[in-house]
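Everything below concerns the one structure shown next.
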Amino acid sequence: MPAMPAGQNKKSSASLTRTPAWRALAEHRRTWRDRHLRGLFAADPQRFSRFSAEACGLLLDYSKNLVTAETLELLLALARERGLEDRISDLLAGKRVNNTEKRAAWHSALRAGHAAPREVRGTLESMRSFTGALRAGAVKGAGGRPVTDVVSLGIGGSALGPALAAEACAAEGGPRVHFVTTPGEMLARTLAPLDAETTLFIVQSKSFSTQETLINARAARAWLENSRGGADPGAHFAAVTAQAEAALSFGVPQDRVFPMWDWVGGRYSLWSAVGLPAMIAMGGDRFDDMLAGAAAMDAHFAETPPERNLPVLMALGGLWHAHFFGMDSRAVIPYAPGLELLPAWLQQLEMESLGKSVSRNGKPLRHDSGAVLWGGAGTEGQHAYFQMLHQGTRPVPVDFIACRAPRAGTDGETHAVMLANCFAQSALLMQGVSATETEQDLLRQGIPAREAARLAPHQALPGNRPSNTLLLDALSPRSLGALLALYEHRTFVQSAIWDINAFDQWGVEHGKRLANSLLPEFSSAAPATAHDTSTNGLVNYVKKMKTEKP
């Protein structure tokens, strides 16, 4: 089990912007005023090999970052100055790195194989047994028919990770797996084509009190009762929760209540029983492969020197671009079918973890933390927001993600088109197209000189816009596990250097509390008066609309 809290790391207690390493980086930034990535590539034919690294079936090409060998040395000095290696050791040892809630953040233990805690191994065995029976058709509804559809009811971390893994690595056979996050129409649309006698619901809620999830769970139970003539719906439910008694009271059979633990945060919970829907979609063996891929990245993170450590390199590059070039937004763009949900999973991981304004000791930060993360499938994005990436006034660093081998069902020609577009976009962001080059091209097309000169500034691209390219060998459960663990550790590295707690989310918690306090207002006959005038006005406007005739 997690160990007792580690002491405050003295190396990270000083203000970040006052440290010698930070001042050296600020001085180094001045040397970039006249540098352009195009020139760096022209001057160094070995730039790709110098600024790329491999691990766990992934290649990271960071040669298109705004870095030189000197930049990297200075960034690594900052990491040492902030005590990064000690912080990594504390995380992976299960120490209470979540100091505000006095908890560990020991998600790495969930994928540690034989070294995992006994309760983790036992839960995985229960999950495998249940999954195997479901995929074999041995789990039946109350009417005796095999389950054909599994509907996962959860939100946030209880949905994003499992949905991503299920989409990326589903195997043939077994029941269809659906994910419902918001109450109302989304649930109704999902249930419309399903048969109540062959549908199983998994209620995913650590507290078994999440509003959206419980509303959906009650609606699902009512749907079962109405569809099956009021028969006991218990055979159609499973649950993943830290509150087993609440699940049992709801009617979930005891052998279908899978535990969550206090030391597993929601956005890191895919590797736990929260991953049950993904396991059902993938099969037990493929889920084990995903855990093994993540464990391999954990070992790489723990054992590899910082200058070749993928999470460290990605984190430091992000810090450099954000702090010293003012790039406070970042795009993640997969050119790999099956990874379309990755940006949404990353939004919660990074923005919930890094969206903090005080240090671990509660002092206001003297620097920014976190970045606005967005993105989507590259095949669609390049026909939409790539225009801003190439010619907008605010450069945005990009992570491009692709696979060397095509996904099953994708022909080689289609895969080559995807790779060509991915590599072309990163190359164009790096090198740009000068006005002179544009004008010369227009002249070659036969455009009159005066018109070519007029059009050239509109068609020129500045370039010098940084990106990473991550190449997976293939989109397999193992490479997916490594990729997700890579981003988890990248996030932690940045939190360590900023000296913030990456594992609490008080903004989210306060929002839930306020929503709970507002809810009774909508059923009260009295006007709302207990909140600010805007909130009172909005509630009262809704209540007034309810009483008015159409």
Side-chain angles (χ1 to χ4, degrees), residues 7-37 39-40 43-44 47 50-51 53 62-91 97 305-330 350 353-372 394-397 464-468 489-502:
Q8 179 78 12
N9 190 325
K10 293 181 180 179
K11 291 183 179 179
S12 62
S13 60
S15 173
L16 174 62
T17 57
R18 296 176 180 176
T19 64
W22 185 275
R23 291 197 296 269
L25 282 163
E27 183 65 28
H28 175 65
R29 170 64 178 89
R30 297 187 179 94
T31 68
W32 280 87
R33 289 172 181 166
D34 299 318
R35 282 178 174 165
H36 194 290
L37 282 170
L40 294 178
D44 183 5
R47 184 170 172 84
R50 294 184 200 280
F51 298 99
Y62 63 102
S63 62
K64 297 186 184 79
N65 282 204
L66 300 172
V67 298
T68 62
E70 182 184 3
T71 312
L72 189 57
E73 289 178 7
L74 293 171
L75 287 167
L76 292 170
L78 176 67
R80 289 191 296 271
E81 193 173 71
R82 303 299 281 178
L84 178 61
E85 290 189 8
D86 289 343
R87 296 290 301 277
I88 292 172
S89 296
D90 289 348
L91 172 75
V97 292
E307 62 271 16
R308 298 196 307 276
N309 193 303
L310 268 60
V312 174
L313 290 169
M314 289 186 71
L316 293 177
L319 287 166
W320 171 240
H321 295 138
H323 283 297
F324 296 94
F325 291 85
M327 300 178 186
D328 55 3
S329 167
R330 187 165 69 90
E350 294 199 16
S353 298
L354 301 177
K356 311 294 167 62
S357 57
V358 298
S359 66
R360 286 186 300 157
N361 63 10
K363 301 297 183 183
L365 296 180
R366 297 176 179 269
H367 52 80
D368 291 333
S369 68
V372 176
R394 290 173 289 190
V396 177
N464 207 37
R465 303 196 165 192
S467 68
N468 292 309
H489 295 322
R490 177 198 188 279
T491 302
F492 178 72
V493 170
Q494 291 195 336
S495 76
I497 292 176
W498 286 326
D499 194 32
I500 60 176
N501 182 357

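Please read these numbers as outputs of a predicted model, since none were measured by experiment.
Contacts of Arg30 classified as salt bridge (Lys or Arg N to Asp or Glu O under 4.0 Å), with partners at least two apart in sequence or in another chain: Glu27. Every side-chain contact (heavy atoms from CB on, under 4.5 Å) that Pro305 has, sequence neighbours left out, goes to Glu307, Arg308. Partners of Arg465 according to the salt bridge (Lys or Arg N to Asp or Glu O under 4.0 Å) rule, which considers only residues two or more places apart in sequence or in another chain, do not exist here. For Asp328, there are no salt bridge (Lys or Arg N to Asp or Glu O under 4.0 Å) partners, not counting sequence neighbours. Listed by chain and number, the residues in a salt bridge (Lys or Arg N to Asp or Glu O under 4.0 Å) with Arg23 amount to none (sequence neighbours excluded). Residues forming a side chain to side chain donor-acceptor pair (under 3.5 Å) with Arg47 (at least two apart in sequence, or on another chain): none. Contacts of Ala24 classified as side-chain contact (heavy atoms from CB on, under 4.5 Å), with partners at least two apart in sequence or in another chain: Leu74. The ring pair (Phe, Tyr, Trp, His ring centres under 6.0 Å) test applied to Phe324 returns Trp22, Trp320, not counting sequence neighbours. For Arg394, there are no side-chain contact (heavy atoms from CB on, under 4.5 Å) partners, not counting sequence neighbours. Every residue two or more places apart in sequence or in another chain was checked for a ring pair (Phe, Tyr, Trp, His ring centres under 6.0 Å) with His321, and none qualifies. With sequence neighbours excluded, the residues forming a side-chain contact (heavy atoms from CB on, under 4.5 Å) with His36 are Arg38, Asn464, listed by chain and number.
Under a 3.5 Å cut-off, the side chain of Ser359 and the backbone N or O of Asp499 do not form any donor-acceptor pair. In terms of modelled atom types and a separation under 3.5 Å, the side chain of Ser495 and the main chain of Ala502 share no donor-acceptor contact.
Here NE2 of His323 is found 10.5 Å from CG of Leu25. Values are rounded to the nearest 0.5 Å. Rounding to the nearest 0.5 Å places CD1 of Ile500 at 4.5 Å from OG of Ser369. A distance of 7.0 Å separates OG1 in Thr17 from NE2 in His367, rounded to the nearest 0.5 Å. Going from atom CG of Asn65 over to atom CZ of Phe51 covers 9.5 Å, rounded to the nearest 0.5 Å. If you take CG on Leu365 and NZ on Lys363, they are separated by 12.5 Å, rounding to the nearest 0.5 Å.
Salt bridge status for Glu85 with Arg80: absent, with no side-chain N to carboxylate O gap under 4.0 Å.
Considering every non-hydrogen atom in both Ser15 and Arg366, the closest pair reads OG-CD, 3.2 Å. Counting all heavy atoms, side chain and backbone alike, Gln494 lies closest to Ala315 at NE2-O, 3.1 Å. The shortest non-hydrogen separation linking Ile497 to Leu78 is CG2-CD2, 4.1 Å. The two atoms that bring Val312 and Val493 nearest to each other are CG2-CG2, 4.1 Å, heavy atoms only. Shortest non-hydrogen contact noted between Asp368 and Trp498 is O-NE1, 3.6 Å. Of all the heavy atoms in Val396 and Ser329, the pair that sits closest is CG1-O, 3.7 Å.
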Arg330 and Glu350: side-chain contact (heavy atoms from CB on, under 4.5 Å), yes or no, with the steps?
CA-CA 11 Å; Arg330 187 165 69 90; Glu350 294 199 16; 2.4 Å; yes
Determine whether Leu72 and Leu313 satisfy the following criterion, side-chain contact (heavy atoms from CB on, under 4.5 Å), listing intermediate values before the conclusion.
CA-CA 9 Å; Leu72 189 57; Leu313 290 169; 3.8 Å; yes
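Contact check for Leu40 versus Leu66: no side-chain heavy atoms found under the 4.5 Å cut-off. Annotation: side chain of Arg50 is in contact with side chain of Asp44 (closest heavy-atom distance under 4.5 Å). Within the 4.5 Å cutoff, side-chain heavy atoms of Leu91 are placed close to those of His489.
Applying the side-chain hydrogen bond (donor to acceptor under 3.5 Å, both in side chains) test to every pair with at least one member in residues 68-78, sequence neighbours left out, gives these pairs: His28-Thr71, Thr68-Thr71.
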